[in-house]
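First the structure, in the form of structure tokens, and then the observations on it.
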Amino acid sequence: MCATHGIDLAGPAKLYVITHRKWNAVKVGIGACTGYNSRLLQHERQGWELYRASDYTTGAAAYDVEQAVLDRLRGAKLCPFLTKDVMPNGWSETCSTDRVTADQVWAMVEEETRRAPGTYDPRSGARPQAAVLIDAEAAARKMRARGYEPLVPYPGRTNATWPSRCTTCGHKGRPTFNAVLNGGQGCRICRTRAAQAKRAAANAPKAEGVMRAAGFEPLEPYRTSQTPWHCRCTTCGRESTPTYSNVYNGGSRCRFCSSKSSNAEQAAAEMRAAGFEPLEPYPGRTTDPWHCRCSCGNDVMTRLCFVRSGTTGCKKCPRAGGRANASQAAAEAREARFEPLETYPGKTTDRWHCCCVCGAETTVTLTNIRQGRTRCGICSKDNAI
């Protein structure tokens, strides 16, 4: 069968003659002998019937014979017969059976086959660029000269994708040799970066003016409107990374000068009122982690926004029944007939090693005790029996 797209000039190929009874047409064509969904199958779905076919050792030989036959038919003004509207693919290779029969076309094929040389010799000017047989090493050298390092051997066709790596940015792509050679196709990533750099250079003066008018002094070149831009506030002198888009739309000011942020003294006062003693300076934003010490003695990383939302203790602090220190927790445990064997862990949901009144050692939580637990698992089983 013949391949649907393209032909490998170095691989085996098939030359065929087909006829169409309804259209009274005959056609000559070639295809590579690979693939199931072939050009012949496509023609058969349109009503074409195979008249004769012949296999060739190379696609180049089949191509030479086909072109020689078509040259003779066109010289006699026998083709094309059908129009592109009737047959989009291959219409230029059709003839009317009223003027030339399939037998006559096949006779031309056999005659040109006998005339064809034993080895492939490209004809200058007569072969389209996509069908030129290219030496693999020469193709690889041309790819490297244009900034691509081939990752696999030359695929055999100039219009086949060729996995390669860009020598500039390292991006792996699949360009075609024909596009790189004739169209100057460069790496997609490099093209995008070049376009972005060009736009950035054009927009930089306006962007810098907008930032300075908003109180920001840019510390690095402008890139894109959505990229964080390292700047220094001209009011407080602190550095931040607003985006040009936010500043341009009026929705971004210096986060240290903004009314939504707190100064260090106010933030520290709020933390102390919630039971946290700051162990480092205020980080600058209410959502930034802040190293503090809870009133229970535990060092934690909390946030000012948590405190403003109602947090008044760390994870080690009791979550039910208000705050409870170690002595209060021990008293509650003894009241429930559990004797603590270790120091209170600090959190009501933490397991606490105790001794039950029956003498068995067990682990309980202060939350369970507050919910009414007064016996261990062994006591529960004995009572069940």
Side-chain angles (χ1 to χ4, degrees), residues 1-134 156-160 178:
M1 292 299 180
C2 304
T4 303
H5 301 288
I7 179 174
D8 185 1
L9 296 180
K14 184 188 294 293
L15 188 148
Y16 55 84
V17 173
I18 54 179
T19 60
H20 200 293
R21 295 182 181 180
K22 181 179 178 180
W23 294 340
N24 294 327
V26 59
K27 168 179 165 55
V28 61
I30 61 173
C33 296
T34 57
Y36 176 76
N37 295 321
S38 68
R39 183 65 61 85
L40 276 177
L41 289 179
Q42 293 179 4
H43 293 327
E44 289 176 0
R45 295 189 187 102
Q46 293 179 340
W48 291 90
E49 298 177 359
L50 178 64
Y51 174 74
R52 293 283 295 275
S54 179
D55 293 329
Y56 292 79
T57 56
T58 64
Y63 180 85
D64 279 337
V65 173
E66 180 203 35
Q67 293 302 308
V69 172
L70 289 175
D71 288 343
R72 293 174 60 176
L73 294 173
R74 289 165 182 159
K77 297 183 179 181
L78 296 176
C79 70
F81 169 58
L82 299 177
T83 63
K84 190 174 182 179
D85 296 336
V86 177
M87 186 179 184
N89 296 322
W91 63 276
S92 62
E93 303 160 356
T94 60
C95 302
S96 172
T97 54
D98 294 334
R99 302 184 62 190
V100 61
T101 64
D103 289 336
Q104 293 173 323
V105 175
W106 188 253
M108 295 180 189
V109 170
E110 292 180 333
E111 182 179 351
E112 295 299 332
T113 301
R114 290 191 295 268
R115 293 180 181 178
T119 57
Y120 172 64
D121 184 17
R123 296 174 296 173
S124 61
R127 191 179 304 279
Q129 181 67 24
V132 174
L133 188 63
I134 302 295
R157 291 185 292 129
T158 59
N159 60 349
N178 190 47

side-chain contact (heavy atoms from CB on, under 4.5 Å) assessment of T94 paired with W48: CA-CA 12 Å; T94 60; W48 291 90; 4.1 Å; yes
Go through the steps for L50 and Y16 under the test side-chain contact (heavy atoms from CB on, under 4.5 Å), then give the verdict. CA-CA 7 Å; L50 178 64; Y16 55 84; 3.9 Å; yes
Closest non-hydrogen atoms of L73 and C95, given as atom of the first, atom of the second and distance, are CD1-SG, 3.7 Å
With sequence neighbours excluded, tell me which residues meet salt bridge (Lys or Arg N to Asp or Glu O under 4.0 Å) with R74. none
In short, A13 meets A62 closest at the heavy-atom pair CB-CB, 3.9 Å
Got a sec, which pairs hit salt bridge (Lys or Arg N to Asp or Glu O under 4.0 Å) with one end in residues 83-97, sequence neighbours left out? K27-E93
Side-chain contact, heavy-atom cut-off 4.5 Å: L15 with Y56? yes
Please name all residues satisfying side-chain hydrogen bond (donor to acceptor under 3.5 Å, both in side chains) with W106, sequence neighbours left out, ordered by chain then number. E110
Gap between atom CE of M108 and atom CG of L70 - 0.5 Å precision: 10.5 Å
Report the distance from atom OG of S96 to atom CG of N24, rounding to the nearest 0.5 Å. 6.5 Å
The side-chain contact (heavy atoms from CB on, under 4.5 Å) partners of T19 (sequence neighbours excluded) come to V26, E49, Y51, A102
Nearest-0.5 Å distance that lies between atom OG in S54 and atom CD1 in I30: 12.5 Å
For D55 and K14, work out which heavy atoms get closest and say how close. OD1-NZ, 2.9 Å
At their closest point, which heavy atom of A68 faces which heavy atom of E112, and how far apart are they? CB-OE1, 3.3 Å
From M87 CE over to L82 CG, what is the distance, rounded to the nearest 0.5 angstrom? 7.0 Å
Side chain to side chain, F81 and R99, heavy atoms closer than 4.5 Å: no
Across all chains, not counting sequence neighbours, the side-chain hydrogen bond (donor to acceptor under 3.5 Å, both in side chains) partners of E111 are R72, R115
